[in-house]
Amino acid sequence: MMHKSLMISLLLLAVSSSGFAASQVLPKGILPVTDRVAPPLVLADIDGGKFSLVEQKGKWVFVHFWASWCGPCRREIPAIQRLLETSKNKSLVFAIINTAESEDTIFNFLGVMAPDIVPLMDRDGLVTEAWKPRGLPSTYLVDPAGVIRYQALGGRPWDELEYMRFLDSLVVGK
Amino acid sequence: MPPLVSVKNFIRYFLGVVIFFSVAGSMALAADKKLVFENEQIKVQLFPRSPNQMAGFYEAREFPKKMVDVLTGFCFMTAVIHNKTKDVFWLDLDSWKFVADSGEMKRVHRKQWPLRWKKMNIPMASQSTFRWTLLPEKLEFFPDEHEGGNVILISTQNVFSLRASFSVGKNKDKGSIMARIDNIRCAKDDDQK
């Protein structure tokens, strides 16, 4: 009996640790990524704090590249702000990376659009370049082992239920 | 604790809003000219950008004047592409031909810019932003994906056409989609008056 319970527990653990079950349909615009270790990501945020992706091992990380001049980024960032508001007590880590803009520009933009976001500053754009996003905006979901598991095509309505459930399923299954 | 918004920042923000709406307005103007190709597989839109529009955009991004001066000498087209199929197709700018009566027009490949910017000591941040405003040379478009960016041509007064082909399928083995847009002109500053 105990052996059977152990087997069931192990089975449940295996299913949950795979994150989003393969049989489930991914939200629109989310694509699985195979065999891509996340490139290096060490940046200062706009307040001077340091962020290192390596130090996030053990957690899922939402890595997002944006710039205020990009139309789809402007439309998407309020959804990320709302996602942040609902994710405060969860273990999803956010790395919201501005590509090569000045502090003034970022402050003026986020102050109005998304005041809770503390952006990481890719001042010379080289980190963005290393990640080779398809364009801006771009989002990657990095698993607790530092491997990119999913990418999002363009801007996504992250505050909609199917996207939040998807992100929750990753965090719960970590 | 972020600083309060200074007068300088307020002016920048105000100018940004003005430029945003002027670009949006000119996009509507370009759309009126219907530089669009659309069928059940693809939608391709072109928006010619005038030197003033490009200067306004890049100056608002704090590009050095010498960089803006170079860029405004070219013909900018913002291209937006939508994959309406349920398959993958490929953008490859090598298979885009801009053709005038006088022959094929020259497009400036993205590889040509870094050396030029290096010689001009352009800051990396400006180079980076500039790169991200360009349409990729090659890109796999997933079903329902939209992407856009600028294509840069040698400026001309002539009317020209775009003939573009997109290979279909992950391995580019499912034929191709042809798109054609006629009656294109490089935008001039006085087009906006």
Side-chain angles (χ1 to χ4, degrees), chain A residues 26-33 45-48 65-76 97-113 115-119 121-138 151-156, chain B residues 1-17 19-20 23-24 27 47 54 56-63 78-83 88 91 114 117 122-136 138-150:
Chain A
L26 292 169
K28 190 177 176 187
I30 305 293
L31 300 179
V33 176
D45 68 31
I46 199 166
D47 294 335
F65 295 92
W66 70 283
S68 68
W69 52 262
C70 124
C73 304
R74 299 173 77 97
R75 288 191 289 276
E76 183 185 30
I97 301 160
N98 176 271
T99 299
E101 291 188 289
S102 69
E103 283 183 19
D104 282 355
T105 304
I106 296 168
F107 175 70
N108 289 337
F109 176 76
L110 288 182
V112 177
M113 306 284 282
D116 286 352
I117 291 177
V118 181
M121 310 285 289
D122 185 15
R123 293 176 192 276
D124 52 15
L126 294 179
V127 168
T128 310
E129 205 70 30
W131 278 67
K132 300 189 190 326
R134 303 169 56 75
L136 298 178
S138 259
Q151 65 173 325
L153 296 179
R156 293 288 129 201
Chain B
M1 186 68 183
L4 291 172
V5 178
S6 65
V7 173
K8 186 179 82 173
N9 288 344
F10 176 78
I11 291 169
R12 275 197 190 142
Y13 180 70
F14 178 75
L15 282 176
V17 170
I19 289 164
F20 174 76
V23 169
M27 283 178 72
F47 302 98
M54 295 319 299
F57 178 84
Y58 288 129
E59 281 166 5
R61 312 274 88 76
E62 300 172 33
F63 278 31
T78 302
V80 180
I81 300 154
H82 178 202
N83 179 0
V88 161
L91 162 70
W117 300 144
I122 299 297
M124 293 299 285
S126 300
Q127 292 191 42
S128 174
T129 298
F130 172 72
R131 272 196 303 274
W132 288 110
T133 62
L134 298 177
L135 192 66
K138 297 180 197 303
L139 187 68
E140 179 185 22
F141 272 69
F142 292 95
D144 199 37
E145 184 172 11
H146 298 73
E147 296 290 347
N150 291 326

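Everything numeric in this text was worked out from a predicted model, so none of it was measured. Convention: sequence-line order gives letters A, B, ...; per-chain numbering from 1.
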In terms of heavy-atom pairs under 4.5 Å with chain B, the winner among A:Thr99, A:Asp124, A:Ile46 is A:Asp124

Residue set satisfying salt bridge (Lys or Arg N to Asp or Glu O under 4.0 Å) with A:Arg156, at least two apart, ordered chain then number -> none

Per-residue tally against chain A (heavy atom, under 4.5 Å) across B:Glu147, B:His146, B:Gln127, B:Arg131 peaks at B:Arg131

Expected output: side-chain A:Arg74 to main-chain A:Ser68 donor-acceptor under 3.5 Å | yes

Okay, A:Pro133 and chain B: the region with an atom under 4.5 Å from a heavy atom over there is both

Tell me if the aromatic rings of A:Phe65 and B:Trp132 count as close, with their centers under 6.0 Å from one another. no

(Q) Tell me whether B:Thr129 contacts the main-chain N or O of B:Ser126 through its side chain, where contact means a donor paired with an acceptor under 3.5 Å. (A) no

If one checks every heavy atom of A:Arg134 against chain B at 4.5 Å, the contacting part turns out to be both

Inset, instruction - Look only at the side chain of A:Asp122 and the backbone of A:Thr128, and say whether a donor-acceptor pair between them is shorter than 3.5 Å. - result: yes

Under 4.5 Å to a heavy atom of chain A? For B:Phe141 that would be backbone

